[in-house]
Amino acid sequence: MPSPGCREKWPCHGTAMGDTFIRHIALLGFEKRFVPSQHYVYMFLVKWQDLSEKVVYRKFPEIYEFHKMLKEMFPIEAGEIHAENRVIPHLPAPRWFDGQRAAESRQGTLTEYFNSLMGLPVKISRCPHLLDFFKVRPDDLKLPTDSQVKKPETYLMPKDGKSNVADITGPIILQTYRAIADYEKSSKTEMTVATGDVVDVVEKSESGWWFCQMKTKRGWVPASYLEPLDSPDEAEDPDPNYEGEVYVTIKAYAAVEEDEVSLSEGETIEVIHKLLDGWWVVRKGDSTGYFPSMYLQKAGEEITQAQRRIRGRGVPPRRSTIRNAQSIHQRSRTRLSQDTYRRNSVRFLQQRRRPARPGPQSTAGTKDNPSTPRAKPQPAVPPRPSSDLILHRCTESTKRKLTSAV
């Protein structure tokens, strides 16, 4: 049962709730779902005190929010006051690119995290916050149906608990893509594909190189040479973010195509659209253009790893540079033009630079600033009558009605 301290700080809901606790939490694996958009959910088998077992599904951002709240509830055990007192395990924050590889690699981390959590004192391991998080929700019972356009893909944890692709014993399902043109490998780590070859994608790197397998062959292939079988569009491409993220160029690049941008090493730019083919749309001032993501590093981060990536592999080719591309889809992959990027970016920057609306004592609309419309005068709000006055008026009105009735 929860300790008295837990009851005082985080009271349980009734006597029955005080006897409720979780015996064990086991991570079964994760699912890749495509409705309403592509996302990943982790499958947990929760064993309760009454020996019942329930399967629940939770997204990683939900788990991380649960973790942050737990630290706020127990600041001493979270090490917020003295670091040496920390017993609540660490949990890394979500990354911007939450792809299949990231979802898979997190399985070991989540297993260790919840194993550690369940071994903590009962005021934490049996607190209402933990119990409520793993209660069965309506969404846990309404699982995706086979009637959807694309069925969910289930990836089970290996029996030994290690999240290594080569060791996975469960029915892992990889995404299947088709090559739209011939590609000849230029290094031992790459893989040659011919037009029409169907490959399974093991990892989608943000550099634009995807690690694929085909029968007995495995290696890196440019994402631009691959297309999904069911649609010409890549469902994982995020939407543009015109607010932008600050990056620094770690290698110079001279534009080859008209919609690309030339930058020198060490320049600071803003990334407004991260595309999976490794060519990101960047903004420098009011100008935008494509730039290889391999030559970019987030501001303030160590560049050693990025430099090793550059030495290991070159910049992947762009889709627009591939000759004799043969898609099986009638319509081509949708892409925004650089003119559209620029217009939307300039519009966003103008709104961000726009000064705040002037207050009532501003000189807006005067001869010094004729472009700003004069604010319309607002009618004065009469003072609210007191409750005694309202009661008096109601009494006088009632008297008049009664007198007229007689």
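The model shown is predicted, which means the values in this text are computed figures rather than measured ones.
- Summarising the geometry of Met294 relative to Ser207, their closest heavy-atom pair is CG-CB, 3.5 Å, with the distance given to 0.1 Å.
- With sequence neighbours excluded, the residues forming a side-chain contact (heavy atoms from CB on, under 4.5 Å) with Ser262 are Ala254, Ala255, listed by chain and number.
- By the 4.0 Å N-to-carboxylate-O rule, Glu245 lies close enough to Lys298 to be salt-bridged with it.
- The aromatic rings of Tyr113 and His67 stand perpendicular to each other, their planes meeting at an angle above 60°, with 30° marking the opposite boundary.
- Glu77 pairs by the salt bridge (Lys or Arg N to Asp or Glu O under 4.0 Å) definition with Lys123, not counting sequence neighbours.
- Residues forming a salt bridge (Lys or Arg N to Asp or Glu O under 4.0 Å) with Arg347 (at least two apart in sequence, or on another chain): none.
- Under the 4.0 Å criterion applied to side-chain N and carboxylate O atoms, Arg335 and Asp259 are not assigned as salt-bridge partners.
- Among residues at least two apart or in separate chains, side chain to side chain donor-acceptor pair (under 3.5 Å) pairs with a member in residues 81-94 are Arg86-His90.
- Between Gln49 and Thr20, some side-chain heavy-atom pair lies under the 4.5 Å cut-off.
- No salt bridge links Glu257 with Arg318; every basic N to acidic carboxylate O contact stays at or beyond 4.0 Å.
- Here Ser52 pairs with Trp48, Asp50, Lys54 under the side-chain contact (heavy atoms from CB on, under 4.5 Å) rule; sequence neighbours left out.
- Shown here are the side-chain contact (heavy atoms from CB on, under 4.5 Å) partners of Arg353, two or more places apart in sequence or in another chain: Asp286, Leu349.
- Judged by distance alone, the side chain of Lys217 and the main-chain N or O of Val193 form no donor-acceptor pair under 3.5 Å.
- Taking the ring axis of Phe133 as reference, the NZ or CZ atom of Arg58 stays within 45° of it and closer than 6.0 Å to the ring centre.
- With sequence neighbours excluded, no residue forms a ring pair (Phe, Tyr, Trp, His ring centres under 6.0 Å) with Phe348.
- Taking the ring axis of Phe30 as reference, the NZ or CZ atom of Arg106 does not stay both within 45° of it and closer than 6.0 Å to the ring centre.
- Glu80 is linked by a salt bridge (Lys or Arg N to Asp or Glu O under 4.0 Å) to Lys71, counting only residues two or more places apart in sequence or in another chain.
- With sequence neighbours left out, Arg137 forms a salt bridge (Lys or Arg N to Asp or Glu O under 4.0 Å) with Glu62.
- Not counting sequence neighbours, Ser287 has no partner by the side-chain contact (heavy atoms from CB on, under 4.5 Å) test.
- When the ring pair (Phe, Tyr, Trp, His ring centres under 6.0 Å) test is applied to Tyr242, no partner is found at least two apart in sequence or on another chain.
- In terms of the ring pair (Phe, Tyr, Trp, His ring centres under 6.0 Å) criterion, residue partners of Tyr253 (sequence neighbours excluded) are, by chain and number, Trp279, Phe291.
- Atom CD1 of Ile76 has 12 or fewer neighbouring heavy atoms from other residues, nucleotides or ligands inside a 6.0 Å radius.
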